[in-house]
Amino acid sequence: MIDKTVATVAEAIADIHDGATVMIGGFGTAGMPSELIDALIAQGARELTIVNNNAGNGDVGLALLLEAKRVRKIICSFPRQTDSWHFDALYRKGEIELELVPQGNLAERIRAAGAGIGAFYTPTGYGTLLAEGKETREIDGRQYVLEHPIRADFALVKALAGDRWGNLVYRKTARNFGPIMASAARCTIAQVQRIVPLGALDPEAVVTPGIFVHRVVEVVVEAANAGTAPAPGTAT
Amino acid sequence: MIDKTVATVAEAIADIHDGATVMIGGFGTAGMPSELIDALIAQGARELTIVNNNAGNGDVGLALLLEAKRVRKIICSFPRQTDSWHFDALYRKGEIELELVPQGNLAERIRAAGAGIGAFYTPTGYGTLLAEGKETREIDGRQYVLEHPIRADFALVKALAGDRWGNLVYRKTARNFGPIMASAARCTIAQVQRIVPLGALDPEAVVTPGIFVHRVVEVVVEAANAGTAPAPGTAT
Amino acid sequence: MNRYTRDQMAARVAQDIRDGAYVNLGIGLPTLVANHLPKDREIILHTENGLLGMGPAPAPGAEDPDLINAGKQPVTALPGASFFHHADSFAMMRGGHLDCCVLGAFQVSVEGDLANWHTGAPDAIPAVGGAMDLALGAKSVYVMMEHLTKSGESKIVSQCTYPVTALRCVSRIYTDLAVLEVTPRGLRAVDIVDGLSLPELARLSGVAIGS
Amino acid sequence: MNRYTRDQMAARVAQDIRDGAYVNLGIGLPTLVANHLPKDREIILHTENGLLGMGPAPAPGAEDPDLINAGKQPVTALPGASFFHHADSFAMMRGGHLDCCVLGAFQVSVEGDLANWHTGAPDAIPAVGGAMDLALGAKSVYVMMEHLTKSGESKIVSQCTYPVTALRCVSRIYTDLAVLEVTPRGLRAVDIVDGLSLPELARLSGVAIGS
C-alpha cells in the first residue's frame, strides 16, 4: 500500500544532507512551508543551496534559516525587501552567494527540470546584465537567451490538503511555486493543513498529482495563525 | 463588459480564412470539438493546416474535414488508426502533407508557443528518423534535439463548461490538448456543454483561464450523444 | 511649472486601457491606476503570483495572507477569477497574452529601452522580480514616472545609463509633464501639461520630441 | 519447444513491478500486465492522455467516451486519480517521474536500442504517438514481445534494422522464451523457459547472452 504520510515535520526532513539543493515554495510568506523550515533549522543541515523567489522575510521561516548560517547560496528573483534584513546582512558581509534570476526564468527553469527539458530559449533578460555571458540566439526575428533547468535534491512545499498518494491542492495565491518545485526535486515534501482520505480530492481539481510528491505531513494551524501577516508594501 | 459568448457555432468560426493554421483539440474523439468542425466544413475554408494528435476517426469531425479536402497539411503524432480511412486514402494519393511529431514534442511545442519560449531542447526523438536534419546538442551527458513552437491562427477546443470571461473546465481525459492549444492560438474558440454565470466556476479549479479564450459557444448535447463511442483497440 | 498629480497621471493611463483588457499593474505608482479604471469598462487585472481577476484591497480585518498581489499586499478575487502556478502565470506574460502592463521606471530611452530594476550602484543589493518578464511580455508597456529626477535630470534619455530591464519595449510614457508615445521615428508628445510648450518639454527632456 | 504463454509473460513482468510504482502500460501485449499485478501491491497506472490512477475497464454499458486510455479504450478512474493536460502528462514521462513502462517491440538491440514504431516499409503510413517519449522517459523500460518473428528470425538483434524509437533505453526484455536483462556488458539471462539451455537460447537469438 502506498502511504506517503509521515507523522512529524522532523521525520519528513530528517535526511536532508549537508550541501543539498533545497527548493522552498512560497512567494514571500504566502505558501512558505514555515514548519518544515523550522524543522530543517533544528535538524542542522549546512551548506545548503536554496531556491526560492525571495530571500526571507522578517524573522520567520527562510529568514531564520539564513540567520542560522545554513545557506551557502541562494537562487532567487527578489532578495531585497523591506524586511529581508537577515539576507541583507549576510550578503553585505559576503557570507552568502546570490544567483539572481528573473522571476519568469526562475519559474520556467524549475518547470524545465521537472519536465525533462534540456534547455530553452527565453526572451526574458536578453540584452541585460542578467544575461551576460549566456548564449543567445535570434529566432524568427526575436532575440532569446539560453537558460538551463534548476534541479533540486529536495523540495519543501506548503499545500492546503493532501492524501496518502501525495495528491495536493493549494489555497489561492499560496499555490505560486509549489506545483513546479514539486516536479523538480528528487524528493518532494509537502506540509498540508489536512490529510484527507484517498478519493476526497476532486480528480479534476488536483493541482499536483501524487507522482511528484514523496512525503506528506499534516501541520495543524491555529485559525488565527493560518498564515503570517504579510508585510504590506514590500515589493515582488 | 466582457462577453465572449457567441450564439452559434457558425458565428464562432465565421472568420477562419483559407490557408489558416487551426489547432483542433481531442485525443481520438475524446475532447474533439465535432460541432465546431462541422461548422467549419459548412463554412468552406480551404488549404488549412491542421494540428491534432490524430488524423481523424471514422466518419465524424476531423475525418470529414479531411474527406472534404479542406486540409493541405496535418501536424500530428498518430495518423494511422484502424478507422483513419479518410486520411489514409488522401495520404496514399499524395493529396495531404504530413508532419509527424512524437506526441510529447507535439504537446511541448504547442505549450512553448503559448508560453513565449523560442525553442527548446528535448530528449525525445534523438537518434531517430523524426529528428533527421534537426539541430542536436549534448547537455550534461544527455543528447537532445532542438524543437520549435507550433503556433496557430485558431484553436478549436471542447470543454465541459465555460463562462463569459472564457474560463473553462474540462471533463476527464477529454481535457488532453485543450488547455495548451487554447494558449497557442491567436483566436481560441471553445465549444462547451454549458455556459455558466461568472463566478460559478471554482477559481481553484479553472483549468484554462479566460485570458486564453476568445469565443465560447454552447453546444447542446443529447445525453445519449454526449460523445461518440470510441473505437476500441485503435492505438494512441 | 504645472504638473499632473499622481492621480491625474493614473487617470490618464486608465483612460488608455480598453474595455476587456488584461492588465498587470506594477508595484508602486502604477498601483494607483486601479483606482481610476472607468466604471463602464470591465478590465481584468493579472498579478504574476498567480491570479487573474484581482479585486480591490479587502476591508480592514478581512485580509487573507494567502491572497496577495505581487507587492505582497492583501487583495481580493472577483467572481470569474482563477488561480494558477508561477510557470503558468509567467507563460501568460512571456507568451504575449497580456494586453497591457503599467510599470514604474528609473529611465526610458527614446527607443523605448526601459531601466527600472537596478540603479547600478555598486553597493546596491540587486533584485529583479518579474520586471523583465513584464517589460517584454505585454502587448503594450506603459511607463508611469516623474519626468525629472529630484536633482532635475531627465528620466527620458538618449540611452539608458542604468542597467536595462528590456530593450525597445515601452509603448507610452506617462509623466507629471506629458504623455509621450514611442514611435519608430522617436518620441511624440500626445499630451503636455497646461502652460508647457513642446520646445520647452524637449529642452527639459534633453531629447527630441515630435508632435 | 516450451514457450511462456502471453499470460505467463504478463505475470512475470508484473512480478517485477514494485509496490507503489508509477507505471505506464503500452498498447497491445503490455495491457495484459494490468490483469496480473499482485493484489498485495498498490501500483498506480498512468495513461499519457491525461490520467494517473487508471482503473480497469468499466462494466458493459458503463463506458464513458471522455474516460479512455492511450489505446482509446474505455477505462475507469480509481479513488486518488487525477486528470491533467497533455503537456503535463508528457512532462511526467520526459521528466523521469514514471518508475516503469512496459512496451511492445519489433526489435531490441543488445545495447537496449528499441524499435517499435515503424516497420520502415516504404508504403507504411508512419505513426509514432507517445512511443518515443515512453521509451526514454521511464526509469525502467520493460519490453514484452515474442522472441522470434513468424518466420523464425530473432527480434533480439546486434543492431536494429527497423527505425529506432530511442537509443539504449531498454532495461529488461520479457519474451515467450526468456527474461533478459540489458547490462553494460551485454544481455544476461534472468529466466529461461523450461527445457531450453542458455547456449540454445543464444543460438536462437543470434547474439551473445550471459548468465
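Order of the sequence lines fixes the chain letters, A, B, ..., with proteins taken first and strands second; residue numbering starts at 1 for each chain.
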Within residues 93-101 of chain A, residues adjacent to chain C where the heavy-atom gap is under 4.5 Å: Leu98(A), Leu100(A), Val101(A)
Within residues 114-122 of chain C, residues adjacent to chain A where the heavy-atom gap is under 4.5 Å: Trp117(C), His118(C)
Arg188(C) (side chain) donor-acceptor with Gly210(C) (main chain) under 3.5 angstrom: no
For chain A, the option from Asp123(C), Leu167(C), Asp133(C) that forms the most heavy-atom pairs under 4.5 Å: Asp133(C)
Side-chain donor or acceptor of Asn52(A) paired with backbone N/O of Ile24(A) under 3.5 Å: yes
Residue Tyr91(A) versus chain C: region with a heavy atom under 4.5 Å: side chain
Cation-pi check, Lys72(C) onto Phe27(A) ring (under 6.0 Å, within 45° of axis): yes
Contact class of Pro126(C) relative to chain A, heavy atoms under 4.5 angstrom: both
Ion pair Asp99(C)/Arg18(C), N-O distance below 4.0 Å: yes
Check: Thr173(A) side chain, Asp66(C) main-chain N or O, donor-acceptor pair, under 3.5 Å: yes
Side chains of Phe90(C) and Glu108(A) in contact at under 4.5 Å (non-hydrogen atoms): no
Proximity breakdown for Asn69(C) and chain A, heavy-atom pairs closer than 4.5 Å: backbone
Contact class of Arg109(A) relative to chain C, heavy atoms under 4.5 angstrom: neither
Heavy-atom side-chain contact between Arg111(A) and His86(C) under 4.5 Å: no
Side-chain (Ser84(A)) to main-chain (Phe87(A)) donor-acceptor, under 3.5 angstrom: no
Under 3.5 Å donor-acceptor, Ser154(C) side chain and Gly206(C) backbone: no
Heavy-atom proximity to chain A below 4.5 Å, by part of Phe83(C): both
Asp16(C)/Arg12(C) salt bridge by N-O under 4.0 Å criterion: yes
Chain C contacts, top residue of Pro179(A), Gly127(A), Gly104(A) (heavy-atom pairs, under 4.5 Å): Gly104(A)
Sidechain N-carboxylate O distance under 4.0 Å for Asp176(C), Arg3(C): yes
Ile68(C) backbone acceptor or donor facing Asn49(C) side chain under 3.5 Å: yes
Contact class of Thr165(C) relative to chain A, heavy atoms under 4.5 angstrom: backbone
Check: His85(C) main-chain N/O paired with Asn176(A) side-chain donor or acceptor under 3.5 Å: no
Option in Ile110(A), Leu130(A), Leu106(A) with maximal non-hydrogen atom pairs under 4.5 Å from chain C: Leu130(A)
Tyr144(A) side chain reached by Thr136(A) side chain, heavy atoms, under 4.5 Å: no
